[in-house]
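In what follows, every chain begins at residue 1, and chains take the letters A, B, ... in the order their sequences are listed. Treat the numbers as computed from the prediction; the structure is a model and nothing was measured.
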Protein chains: 2
Amino acid sequence: MATGRTHRPATRSRGIPEATVARLPLYLRALTALSERSVPTVSSEELAAAAGVNSAKLRKDFSYLGSYGTRGVGYDVEYLVYQISRELGLTQDWPVVIVGIGNLGAALANYGGFASRGFRVAALIDADPAMTGRQVAGIAVQHSDGLEKIISDNGVSIGVITTPPGVAQQVCDRLVAAGVTSILNFAPTVLSVPDGVDVRKVDLSIELQILAFHEQRKAGEEAAAGTDGGAPAVAARGESASADKGPDGDVPAVMPA
Amino acid sequence: MATGRTHRPATRSRGIPEATVARLPLYLRALTALSERSVPTVSSEELAAAAGVNSAKLRKDFSYLGSYGTRGVGYDVEYLVYQISRELGLTQDWPVVIVGIGNLGAALANYGGFASRGFRVAALIDADPAMTGRQVAGIAVQHSDGLEKIISDNGVSIGVITTPPGVAQQVCDRLVAAGVTSILNFAPTVLSVPDGVDVRKVDLSIELQILAFHEQRKAGEEAAAGTDGGAPAVAARGESASADKGPDGDVPAVMPA
DNA sequence: CCCTGTGAATAGTTTCACAGCA
DNA sequence: TGCTGTGAAACTATTCACAGGG
């Protein structure tokens, strides 16, 4: 696996922390909303509130991009929209393919948030011949036989996998072999990819499980409180009852790896 | 708004780090697969590979749960499945409602990963009268007028929001008022909730944007043929605006695999 | 003054490396 | 001997608090 090789000489002129990168889209969305309301400038405090983070964090994040604010005033909304877009690479066009057109694939194809950023759904691909030719979100579904050609004809470097888990790895392999170097995986499987290929995963049930964990803590917390009969207290072995967890509104997206 | 508690006791007891909690579902999935293949025990090295993490991390994670392994041997698969399930609160039944039955809501309703864990879709709710009564994943969609009654009748404490962003906050408010204390939000909006309510969000376009960021770096990388000479003033100061990307070193893969 | 930008302090996470038990 | 469990070190991220420009 990862082989610890390359020990980056720590050259860090332009090294934006992962945690910051993961928040840039958040700021961008908030800024876009302000822009649509023709708000000209915004303070770190206001923008932070709109993005759901705290202002010190936001200022620190922006400091990695450069000094784009004006002391005593705030940030110019349009300028910041542009800078963040550029930093994220959204000023260019990213053709994307979605493989596996079930409900989830269709949901993604219809999702407005893609087109409004730099993403363009170049193709929808499915292995089921019955799906081929069907229109989803105004795009004709193509059969997976042509996957390689579709990738190279469209210069696709980002692929989205929304197939059943059983075929996700082989779809992934084909995507990578065809030239895709970034994959967003919705299938509940661990994908293995060669060095140089990025994978991010979104796992629907993991998020729920994390919520359940915290929910359970809450339930245990009100120890003596006789709540409704809806929640059966599971009394396993010697339980701890003390649970403490900073409730916390701003948990970033899915999970930085 | 961190308000809430000052700081946790922090000492020993039962404070499992968030990062660890977020990985437990991953381990659980890998273990479940092993269990289905009737594998009796597994070493940290093997399990880590299956879950896509490194073994030191996995052992550290497990050490927060207790000492469930056997030195020189590994972990008992069934026992660990049980322990993790219990820790995550999956040994109890979690009725869940999904609000907003578009493609995404339907995808979630059909998602097998829920039922197989402790989650049960108690109701599908939509504001569109045309959806009411329609069957999705074998469950009849109910109108949102009855939301409060559905929540309390079923003792629901976890809600999933898959509505358009414009109505997400009001749906959220109603869920919370009706007693929901954990929310999984798929709408691209920042939800505000009272203290004590957990919100996690899954944002499809954010993930793509993060990929685009790294993808852009890769593309610019070949330009950096010249060795990055002496590190410029560490301060990252100066060198403001302009200059499209002065890409440098590599960005490690998001997920070593 | 107000608000940004940022060093310094703190908190949280990962990795190392090895003691110790089956 | 082989593998877990865990302190300690290294690294990353967040928060504080204030210097300093507008």
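- The CG atom of Leu58(B) sits 14 Å away from the C1' atom of dT15(C) (whole-angstrom rounding).
- Remark on DNA chain D: of its neighbouring residues Ser44(B) and Lys60(B), the 5'-side contact belongs to Ser44(B), judged by nearest-heavy-atom nucleotide.
- Rounded to whole Å, the distance from CG on Leu47(B) to C1' on dC3(D) is 14 Å.
- Here dT4(D) is the nucleotide among dA13(D), dT14(C), dT4(D) with the atom lying nearest to any side-chain atom of Ser43(B).
- Nucleic acid contact class of Tyr75(A) (heavy atoms, under 4.0 Å, all strands): sugar-phosphate only.
- A sub-4.0 Å separation between OP1 or OP2 of dT15(C) and a side-chain N or O of Asn54(B) is present.
- Of the candidates dG20(C), dG7(D), dT15(D), the closest approach to any side-chain atom of Arg71(B) belongs to dG20(C).
- The side chain of Arg59(B) sits closest to dC18(C) out of dA13(D), dT14(D), dC18(C).
- Ser35(B) and Glu78(B) share a side-chain donor-acceptor pair at under 3.5 Å.
- For the pairing with Lys218(A), the side chain to side chain donor-acceptor pair (under 3.5 Å) check across His214(A), Glu215(A), Gln216(A) returns one residue only, Glu215(A).
- The nearest whole Å value for the distance from the CD1 atom in Ile16(B) to the C1' atom in dG12(C) is 15 Å.
- Under the 4.5 Å side-chain criterion, counting only non-hydrogen atoms from C-beta, Phe62(B) is in contact with Leu47(B).
- With the nearest nucleotide of DNA chain C identified for both Asp61(A) and Val73(A), Val73(A) has the one nearer the 5' end.
- Distance, Asp76(A) CG to dC3(C) P: 16 Å, rounded to whole Å.
- For Thr70(A), whose side chain is taken as the heavy atoms from C-beta onward, the closest listed nucleotide among dG22(D), dT14(D), dT14(C) is dG22(D).
- Look at CD on Glu45(A): it is 14 Å from C1' on dC16(D), rounded to the nearest Å.
- No side-chain donor from either of Ser205(B) and Arg117(A) sits under 3.5 Å from a side-chain acceptor of the other.
- Atom pair Glu18(A):CD and dC11(D):P shows a separation of 18 Å (rounding to whole Å applied).
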* Might you work through the side-chain contact (heavy atoms from CB on, under 4.5 Å) test for Lys201(B) and Leu26(A), ending with a clear yes or no? => CA-CA 12 Å; Lys201(B) 71 177 141 40; Leu26(A) 228 57; 4.1 Å; yes

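- Taking only side-chain atoms of Tyr64(B), from C-beta outward, the nucleotide of dC16(C), dT15(D), dT14(C) with the closest atom is dT14(C).
- The OH atom of Tyr27(A) sits 13 Å away from the P atom of dT4(C) (whole-angstrom rounding).
- Comparing dT14(D), dT4(D), dT15(C) by their closest approach to the side chain of Arg23(A) singles out dT14(D).
- Rounding to whole angstrom units, NZ of residue Lys57(A) and C1' of dC3(C) are separated by 20 Å.
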